[in-house]
Amino acid sequence: MSLSSLLVPAILFFALGMFACLIKSDLKFPPDMHKMIVIYLLIGIGLHGGKALAGSDMGSALPAVWAALAFGCGLPIVAYIILRALGKIDPLNAAAISAHYGSVSAGTYMTAVAFLGGIGVTYEAYPVIMLAIMESPAIMIGLVLAGYSRKILGGATKADKGMYKHLIIEAFTNGSILLLFGSMAIGWVVSDPSYKKIEPFFELIFMGALCIFLCDMGMEAGKRLSEFKTVGVFLVCFGIAMPLIGAVCGLFVGHFLLGYSIGGITLVTVLAASCSYIAVPPAMRLAIPEANPSFYLTLSLGVTFPFNVVVGIPMYYAAAQYLHETYYPW
Amino acid sequence: MSLSSLLVPAILFFALGMFACLIKSDLKFPPDMHKMIVIYLLIGIGLHGGKALAGSDMGSALPAVWAALAFGCGLPIVAYIILRALGKIDPLNAAAISAHYGSVSAGTYMTAVAFLGGIGVTYEAYPVIMLAIMESPAIMIGLVLAGYSRKILGGATKADKGMYKHLIIEAFTNGSILLLFGSMAIGWVVSDPSYKKIEPFFELIFMGALCIFLCDMGMEAGKRLSEFKTVGVFLVCFGIAMPLIGAVCGLFVGHFLLGYSIGGITLVTVLAASCSYIAVPPAMRLAIPEANPSFYLTLSLGVTFPFNVVVGIPMYYAAAQYLHETYYPW
Amino acid sequence: MSLSSLLVPAILFFALGMFACLIKSDLKFPPDMHKMIVIYLLIGIGLHGGKALAGSDMGSALPAVWAALAFGCGLPIVAYIILRALGKIDPLNAAAISAHYGSVSAGTYMTAVAFLGGIGVTYEAYPVIMLAIMESPAIMIGLVLAGYSRKILGGATKADKGMYKHLIIEAFTNGSILLLFGSMAIGWVVSDPSYKKIEPFFELIFMGALCIFLCDMGMEAGKRLSEFKTVGVFLVCFGIAMPLIGAVCGLFVGHFLLGYSIGGITLVTVLAASCSYIAVPPAMRLAIPEANPSFYLTLSLGVTFPFNVVVGIPMYYAAAQYLHETYYPW
Amino acid sequence: MVLRPDILVTMKRIEIVIDEKSLDDMLRLLRDADVRGYTVIKKAGGLGSTGERNPDDYVLEEHNAVMVLACEEDQAEKVIMTLQPKLKDFGGMCLISDCQWVIGPAASL
Amino acid sequence: MVLRPDILVTMKRIEIVIDEKSLDDMLRLLRDADVRGYTVIKKAGGLGSTGERNPDDYVLEEHNAVMVLACEEDQAEKVIMTLQPKLKDFGGMCLISDCQWVIGPAASL
Amino acid sequence: MVLRPDILVTMKRIEIVIDEKSLDDMLRLLRDADVRGYTVIKKAGGLGSTGERNPDDYVLEEHNAVMVLACEEDQAEKVIMTLQPKLKDFGGMCLISDCQWVIGPAASL
Ligand SMILES: Nc1ncnc2c1ncn2[C@@H]1O[C@H](COP(=O)(O)O)[C@@H](O)[C@H]1O
Ligand SMILES: Nc1ncnc2c1ncn2[C@@H]1O[C@H](COP(=O)(O)O)[C@@H](O)[C@H]1O
Ligand SMILES: Nc1ncnc2c1ncn2[C@@H]1O[C@H](COP(=O)(O)O)[C@@H](O)[C@H]1O
Ligand code: NA
Ligand code: NA
Ligand code: NA
């Protein structure tokens, strides 16, 4: 893997966005533009994934589903323990932060797809299912951790049952998850000639639109990064260490348990290492109003996301490559 | 026509939007996104239509123009009579609702185009002229019906002359009509190599963009549909019966008078069966402030539009096919 | 050059936008749509330019840089002298207006590119550097002219040093300039296969998106044009004469000094003739609050921009052709 | 004030700020209290007991709605009596002040 | 109020809500009445005698504009006298209330 | 007013309009004055001593922010004392008026 393979346009645009933020440029993308591109990209991933799944063996998808659930439930607990034991972070903030790490970042996933595409590496159809599944369980675990934390603190449970129900329903009717699942289903059922008609919009121009999205995310990450002082050194370190822990789990699961190709392992690793900034933050804001949003937002958007995009993805790919060549299990 | 031909992505995305609304998902597209896609789609249809017309015999376009005017003037009167005679709807609401059914829905037209494209059926260049022409006459007839209704009611005419003039001018300077006619004219005059340069944007990615538009429309229709209780059973039935009446007229005119191919008949039928939710509602709101907007909006967006998109178009196509094969007039 | 070569879709859409404004249509594009397309187009130009530059001799780019700086500094001074000597315009308004003419309009540049593309004329890679460079120097000269004007007027310098520093920093961190330079750099460094992935989005659909942009600009120009009474006959004449003066300089520099092809000369001429409506107006509003914004906005957007788009570009092209054929310097 | 009193009616101005998500519930309550006029401004931000609400935040986009309604004193009382028991649930703020409504020309009344 | 009276000027606060389409006419009237300061918030919704206006409605998007202007009492009178005859045409509402304008440091006045 | 006085607290309503660019500085000042509640509406337009600000203008897009804050009288004094020296720099306007805050049901206080 040469240096030039790191010069993926999408990642360079991310860097451009961060640079714009760094030099305090007045560059600003309209907020609605961001929402539109997210909608477009989610549908695009969904359709593409659905089409790929339609052509693959669905029995083999089950292990991916289990892996997704395991990540979604396991990683937040690991994160919670680390935050509590090593960082002495107060229980409610720890719970809120943890939930984010069980979930995924579609932006990181798409950057990884762009990265793999740039160096011509193929991958399995299943990771996209994991992407769609992983957003919700982490929210549930976040609620459980919050309840546990409140018990520790001994205070009255501020969050009533109605809210929990509301949050659980929301976790499954969440717009982006619905869009992802819905377009996966559509990609699955439509005939090839029908798909061909919409392919130019959803596939041909996808990578370009992703560049604009990542440029915007770069600015957003830069803004958050500039607040890193408020979160302290420990949390910043955690924001880099936690994706690495997730990555190790992802590499292990992707290679030994799922037995994917290098591309597939990379994507599974990226899913495990990434951290939500779409569905989980609003849920945690509602479920744990006592937690400080600037903690989990700075970590998720300002530390872990840029780390994964700029450093993580190539690293995970290299690790997947090494693993695949060294411990070839068959 | 097999079931799979109904699995047009555009229609599936419409269903996804309605589903999102049904399960009360928080999915929401930015309002500006909707406006942008509408602008894009109108220009796209216009350019495509203009280019097609440039290559066809303009003398043959005249019957289409007459048919459009006849639909625009005749259908609202039919609707008004039905609403008054059968439904005992008060005159002003009847007038406001009627006007909508003389006009057309570009969204339904585009879905029909996507449907025909999906099953590989070609069509004449003229229906797009009808689309462009039909928006305005219905507004005029709506004004006439409103004046007539007011005379019946014997009250002072609330709407002054200035407003009528204003509305008539608006009916012809209306943004979407202008965009449609303007881009038709541009598609007409530009040379083929020039057109090739803009074709990727306006044609290649058209069907994909239409999917996003219809997903949004599905949510909008779902929202309106949920208000159907306020309009009552009679009006909901009318909202399904009236497009069928329009469709019968459309089939007859398209086949026997215009002598179009199956695809062309289908489009003419769709135009006659569809019902405006762009230019007519604001005009009626201004012209007949006494009418209840939730009546005509629920009917147009919540009943007739989804009926046409999901059930109507394949039905009209089947009918056109049957007609074309059975009563081949030549 | 036949008449049909003037029927470039982009220019026709500009005319459509002006027409919509003229007939007072309610056509209106969402403001965010405009911002989004501008962002997209700037990135598109930048990437394309960067890619072209990567394949060309960078030593030869230096003369283009010098020419850009010369235009940026020289043209405002010429404009200032004309406005003061012939028009008796008050010093501060003259300074504000002048600054605009040293800068460039990316919209005009892109229209010229579309025009050349439409008639199949190629051009050098260097003018895009000039486009990126020329926005800032004119702002500096504007500040200098403002300071000079204030000295003439003998009043206290209203603008403090802090603001000057702020403006100079802004001139270099300005969003659009950053976007242009940034994407030029990205286009430069990315590998060909990587570029291919984002090309469909940034190049294939570029010309179509430009049409929508120019339709919007047509409406904007129309709105401004309708205010031409407030600026008076002299300024309107200036708004047409000044681009012609710039064009003569551009033709001379492009042909004799830079030795470009017909396409290249046309673009250099367009840059010299065009007039900023993005970065310069806000800078002048801040630097010279005493100047009347409706003067420079009407001139820049309402007079010079439409003049260049509709009349100027074909004229400059014809002149470049004539010059190239008559005074072939080698 | 020198203004002719015949064109001014003394009224109460009620100004409410709540989370945009609760706006529909609030409007329903207002309609129950027979309110026949109000103005709503959405996408407002603010700071309150539940922290900051920033409509421009990329991830945690939260909006307030500002509502203004002018009504006669007894109507205002009715409104306040209807709203007051729910105010804790809605959060936000509810202010009342005095104002004068300018009425249009008598002819067309 | 314990606030030093030298930094407060008693003024009238005029608050107008009208259909956004009539905003330009209204502003023209205000300029005729020599108003030299106002604030406008667009895209407001509301309920009034002509029904609901909902800026978020997909089909029937209608906007109100909210205008606030602070001026001295006699200026306020002039404004009201100019506006009042047109109020029926504009629809919406026009409120006046008392307020105090905080003036900046005297030095730079 | 017949409204039960136990649910009303007399307060001051401060209304500030400034350039959106200065909003952050203003909010910082307010936080320094221990303000614990405010509401902000952005993207307002207006006319003032520095000319027109039009958030819809294509080239010269300029926004005002409207801030409303309700607080007790002594708090209001503190706020005004903090803001007043900077008002010239900020430009815009700052109004104070009287209002009454409606407090929620006592039970959940
Ligand atoms: N004292 C206040 N002055 C102005 N606005 C307030 C005040 N308190 C609360 N608000 C507004 O009400 C919203 C919700 O308040 P809360 O429920 O207390 O968090 C805040 O975001 C503010 O916009
Ligand atoms: N009593 C009121 N209180 C607050 N706003 C009002 C009131 N009456 C009317 N409005 C506003 O004025 C707009 C137009 O009113 P109208 O012309 O009566 O329909 C409404 O949409 C409201 O936003
Ligand atoms: N008398 C006034 N009434 C209402 N708003 C005002 C007034 N004076 C100034 N403003 C607002 O404050 C902004 C800035 O004012 P200025 O700094 O004087 O230009 C204006 O754009 C208006 O929105
Ligand atoms: Na994860
Ligand atoms: Na019809
Ligand atoms: Na120039």
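From a predicted model like this one, the values you see are computed outputs, not experimental measurements. Sequence lines set the chain letters: A, B, ... in the order given, protein chains first and strands last, and positions in each chain run from 1.
- Considering CD1 of F:Ile103 and CE of D:Met93, their distance stands at 15.5 Å, rounded to 0.5 Å.
- Residue F:Val68 touches chain D through its side chain alone, counting heavy-atom pairs closer than 4.5 Å.
- Here the CD1-CD distance, from D:Ile14 to F:Gln100, works out to 11.5 Å after rounding to the nearest 0.5 Å.
- Taken to the nearest 0.5 Å, the CD1 atom of D:Ile18 stands 11.5 Å off from the OG1 atom of F:Thr39.
- Neither the backbone nor the side chain of D:Asp74 comes within less than 4.5 Å of any heavy atom of chain F.
- Going from atom CZ of F:Arg31 over to atom CG of D:Leu47 covers 6.5 Å, rounded to the nearest 0.5 Å.
- Considering only heavy-atom pairs separated by less than 4.5 Å from chain F, the leading option among D:Pro85, D:Ser97, D:Cys94 is D:Cys94.
- With contacts defined as side-chain heavy-atom distances shorter than 4.5 Å, the pair F:Val102/D:Ile96 qualifies.
- With chain F as partner, the option from D:Pro55, D:Ala44, D:Gly92 having the largest number of non-hydrogen pairs under 4.5 angstrom is D:Ala44.
- The shortest side-chain heavy-atom distance between F:Arg13 and D:Glu15 falls under the 4.5 Å cut-off.
- Side-chain contact between F:Ile7 and D:Ile80: present, with at least one pair of heavy atoms (C-beta onward) separated by less than 4.5 Å.
- Side-chain contact check for F:Ile41 versus D:Val66: some heavy-atom pair is nearer than 4.5 Å.
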